[in-house]
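First up is the structure itself, then whatever we jot down about it.
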Amino acid sequence: MNCKYIFPVLLFSGTVVFSQSKNDNVLPNENLIAENIPVIPKSLNEKIKKYSESRGANFTSIHPNGKEVIMVTRFGSTNQLHKLSQAMGNRKQITFFDEPVNSADYEPVKGEYLVYSKDIGGNEFGQLFKLDLKTMESKLLTDGGRSQNGGMVWKKDGSGFYFSSTKRNGGDRDIYYMNPLKPDETKLVLEVKGGGWGINDISSDGKRLIIGEYVSANESYLYLFNTDTGKLEPITDRSEKQIVQGSAKFGKNPDEIWYVTDRDNEFDRLATFNLKTKKISYYTSDIPWEVSGYTLSKDKTKIVFETNESGVNKMYLMDTAAKKYSEIKGLPIGLINNFDFTDDGKSLFFSQSTFDSSADIYRLDLASKNIERWTESEQGEMQKTDMSQPKLIEWKSFDDMKITGFYYPASKKFTGKRPVLINIHGGPEGQSMASSLGSGNYYTNEMGVALIYPNVRGSSGFGKTYIASDNGFNRMNSVKDIGALLDWIAKQPELDKDRIMIMGGSYGGFMTLATAYEYADKIRCSVDIVGISDFNTFLKNTEEYRRDLRRVEYGDERDPKMSEFFTKIAPLNNTDKIKKPMFIIQGTNDPRVPVTEATQMRDKLKAQGNTVWYLEAKNEGHGFRKKENIDFQRLAVIRFMQEFLLK
């Protein structure tokens, strides 16, 4: 499928002079730095619009009356808060910012105001604001500086909330208490060391908090904090390593907590822990998958939990007294993004997406088991027949480890062997699941490109051995998993092994860069989005609050042997092996993978004479969130594919 243009290819770099009218082309907006990207005709923009105008809806808070929700959706450039008062009712937008707002909490007694979080330009220094729902006025509650604030847990009487913040020194995530009506009186109640601390739950009398300490995807601990005395006591044993113990909530019995743990098991199980006897009881051992989330009703008599079963979610209802549960039937196969009980415990709101629909909000009546749809988000002009349905695939890697992923076939209207786009998730503890491609259906339905989303070793959802199998000096084994996928593709009669593009974001960006030098002869081109080009420089420059958390996963660059290993595997130090065109995409304000990771890779490739396109957004961070930037990125990637994958 060749795409030829009758106009000459001109580049965005410095002053741009077009041989045609500018009205014929899509230009980067004032916040985008675009280098070496050929002109993009408006005709391509018009063609993609069918696929790029869909939206989804997720609820973020339920009103105390149980009859309305605050939801997040996008009608302009960014996600904003909307109020929804009835099933399929009109959505009333209540925030109107250039920056996205993705979370909010009702004051839990009267619901007269919200507390929401917002950052600037994707810098992830989230600040808390109070929004009065009568006057619609917002007031800044936190310091407004370079601190992260969030993880709110309200006192049951609505008089205030506890939250975590890095404002003391930028690196340690301490616990504070705030009355949002008197934010100047905010108090530091617990100093900690490290960026992985947060609040799990608060007791009914407000005198105890369950505090969690996250060390890594394979290790976390629980503590009990007395809000009167300020004393912090361990619940779990800090000397026991490599056990996940989190998502804890107080049960109906004040001496019992619910939590999830992978103790003595490959997967996270739902369990109780008796604070007096230290006895642990497990309840989901017969489900050979992880419990990926749960919620407890206000009266603590019911639990709804979800499982992640090879990239698909199922939801179960449990009676906390009998400890018996059953699957909630009638849900389409897909992903459950969020769920919570109404205060009266009679209903459950949840958000769900499927391969042929974005996320939407539903309400489950627990007595009748009736599921009522509350939103039906527009899919643009896309029809269900335009959308590719994922297939679970598996292959064996170099050491016989089984690797799986999701394969989205190209439309059947295309004949012959199809080009392949391999899209690698970040994390590395992320997971590609059976989701909707959204605008990515353009690749399968209009370009005839098949998509594969692999879950290489280190991905979550497949047990604790799997998630730890890429740590430290085993880093390149996950890259070999992609090498094995390239071999799998070569054996598929409908796929073209000679036209493969690698794309990934964050850690997936590192995987993309590493594949580009390890398997240069087996790919056509690659797209690196906010990727790590050298773990030594990444760990030196990533924000302090996350540095130690990343060292547990990747290794400590202060160790000479580990630093030497990082130097050896760094894509930045292997650019001489990269032979194929590369597109690098980055946000200027990225606190996780700093912009320097992108610019140093770009500059070295350019100096060697490699073909490298570059796109940077001055008002974005770790990935693009503003629609005008997302749209240009998408068009530029399609243009890159036309030039280097399809020809």
Side-chain touch [X]/[Y], heavy atoms, less than 4.5 angstrom:
X: Thr227; Y: Tyr162; result: yes
X: Lys156; Y: Asp205; result: no
X: Val312; Y: Met433; result: no
X: Glu553; Y: Glu429; result: yes
X: Phe538; Y: Phe566; result: no
X: His622; Y: Val593; result: yes
X: Phe96; Y: Gln80; result: no
X: Glu68; Y: Tyr106; result: yes

Minimum heavy-atom distance [X]-[Y], with the two atoms named:
X: Val552; Y: Val215; answer: CG2-O, 3.7 Å
X: Pro254; Y: Arg208; answer: O-NH2, 3.0 Å
X: Asp470; Y: Ser478; answer: CB-CB, 4.4 Å
X: Ser469; Y: Gly458; answer: OG-N, 3.9 Å
X: Arg173; Y: Tyr545; answer: NH2-CD1, 3.4 Å
X: Ala468; Y: Asn218; answer: CB-OD1, 3.6 Å

Please check if atom [atom1] in [X] has more than 12 non-hydrogen atoms from other residues, nucleotides or ligands closer than 6.0 Å.
X: Asp157; atom1: CG; value: yes
X: Lys187; atom1: NZ; value: no
X: Leu133; atom1: CG; value: yes
X: Lys278; atom1: NZ; value: yes

Evaluation steps, side-chain contact (heavy atoms from CB on, under 4.5 Å), between Asn541 and Thr596: CA-CA 9 Å; Asn541 296 318; Thr596 47; 3.9 Å; yes
Val115/Leu141 under side-chain contact (heavy atoms from CB on, under 4.5 Å): CA gap, chis, key distance, verdict: CA-CA 9 Å; Val115 176; Leu141 298 176; 4.1 Å; yes
Salt bridge present between [X] and [Y] (N-O < 4.0 angstrom):
X: Glu557; Y: Arg551; value: yes
X: Lys134; Y: Asp132; value: no
X: Glu266; Y: Lys464; value: no
X: Lys323; Y: Asp319; value: no
X: Lys626; Y: Glu99; value: yes
X: Asp119; Y: Arg625; value: yes

Under a 3.5 Å threshold, yes or no: a donor from one side chain and an acceptor from the other, between [X] and [Y]?
X: Tyr282; Y: Thr261; result: no
X: Gln431; Y: Ser459; result: no
X: Asn338; Y: Ser351; result: no
X: Asp255; Y: Asn274; result: no
X: Ser347; Y: Asp365; result: no
X: Arg269; Y: Ser285; result: yes
X: Thr142; Y: Gln127; result: yes
X: Ser165; Y: Gln148; result: no
X: Asp172; Y: Asn169; result: yes

Intermediate values then yes/no, salt bridge (charged side-chain N to carboxylate O under 4.0 Å, His left out), Glu124 and Arg592: CA-CA 9 Å; Glu124 298 187 19; Arg592 305 189 194 190; 2.9 Å; yes
CA sep, side-chain torsions, deciding dist, call: Lys130, Glu137, salt bridge (charged side-chain N to carboxylate O under 4.0 Å, His left out): CA-CA 8 Å; Lys130 172 179 169 287; Glu137 291 183 5; over 6 Å; no
Sub-6.0 Å ring centroid separation between Phe349 and Trp374: yes
Between Phe510 and Phe535, ring centroids under 6.0 Å: yes
Nearest 0.5 angstrom please: [X] [atom1] to [Y] [atom2], how far?
X: Asp174; Y: Arg168; atom1: CG; atom2: CZ; answer: 4.0 Å
X: Leu331; Y: Ile336; atom1: CG; atom2: CD1; answer: 5.5 Å
X: Lys110; Y: His63; atom1: NZ; atom2: NE2; answer: 11.0 Å

Test side-chain hydrogen bond (donor to acceptor under 3.5 Å, both in side chains) applied to Ser204 - qualifying residues, sequence neighbours left out: none
Residues in side-chain hydrogen bond (donor to acceptor under 3.5 Å, both in side chains) contact with Asp534, at least two apart in sequence or another chain: none
Candidate pair Lys167 and Asp143, rule salt bridge (charged side-chain N to carboxylate O under 4.0 Å, His left out), full reasoning: CA-CA 8 Å; Lys167 73 176 184 177; Asp143 60 13; 5.6 Å; no
Residue pairs passing the side-chain hydrogen bond (donor to acceptor under 3.5 Å, both in side chains) test where at least one lies in residues 287-302, sequence neighbours excluded: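 Those involving residues 287-302 are Glu290-Asn308, Ser292-Glu306, Thr295-Asp340, Ser297-Asp299, Asp299-Thr301.
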Verdict with supporting geometry, Leu114 and Ile70, side-chain contact (heavy atoms from CB on, under 4.5 Å): CA-CA 9 Å; Leu114 300 171; Ile70 298 298; 3.7 Å; yes
Result of checking Glu213, Arg263, Glu240, Glu219 against Gln245 for side chain to side chain donor-acceptor pair (under 3.5 Å):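 In the set Glu213, Arg263, Glu240, Glu219, the residue that makes a side chain to side chain donor-acceptor pair (under 3.5 Å) with Gln245 is Arg263.
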Verdict with reasoning, Glu233 to Lys231, per salt bridge (charged side-chain N to carboxylate O under 4.0 Å, His left out): CA-CA 6 Å; Glu233 297 180 328; Lys231 187 176 182 180; 3.3 Å; yes
Verdict with reasoning, Tyr223 to Trp197, per ring pair (Phe, Tyr, Trp, His ring centres under 6.0 Å): CA-CA 10 Å; Tyr223 301 82; Trp197 295 80; 5.2 Å; yes
Parallel, tilted or perpendicular: rings of Phe97 and Tyr116 (30°, 60°): tilted
Candidate pair Leu131 and Ile94, rule side-chain contact (heavy atoms from CB on, under 4.5 Å), full reasoning: CA-CA 9 Å; Leu131 174 62; Ile94 58 176; 4.1 Å; yes
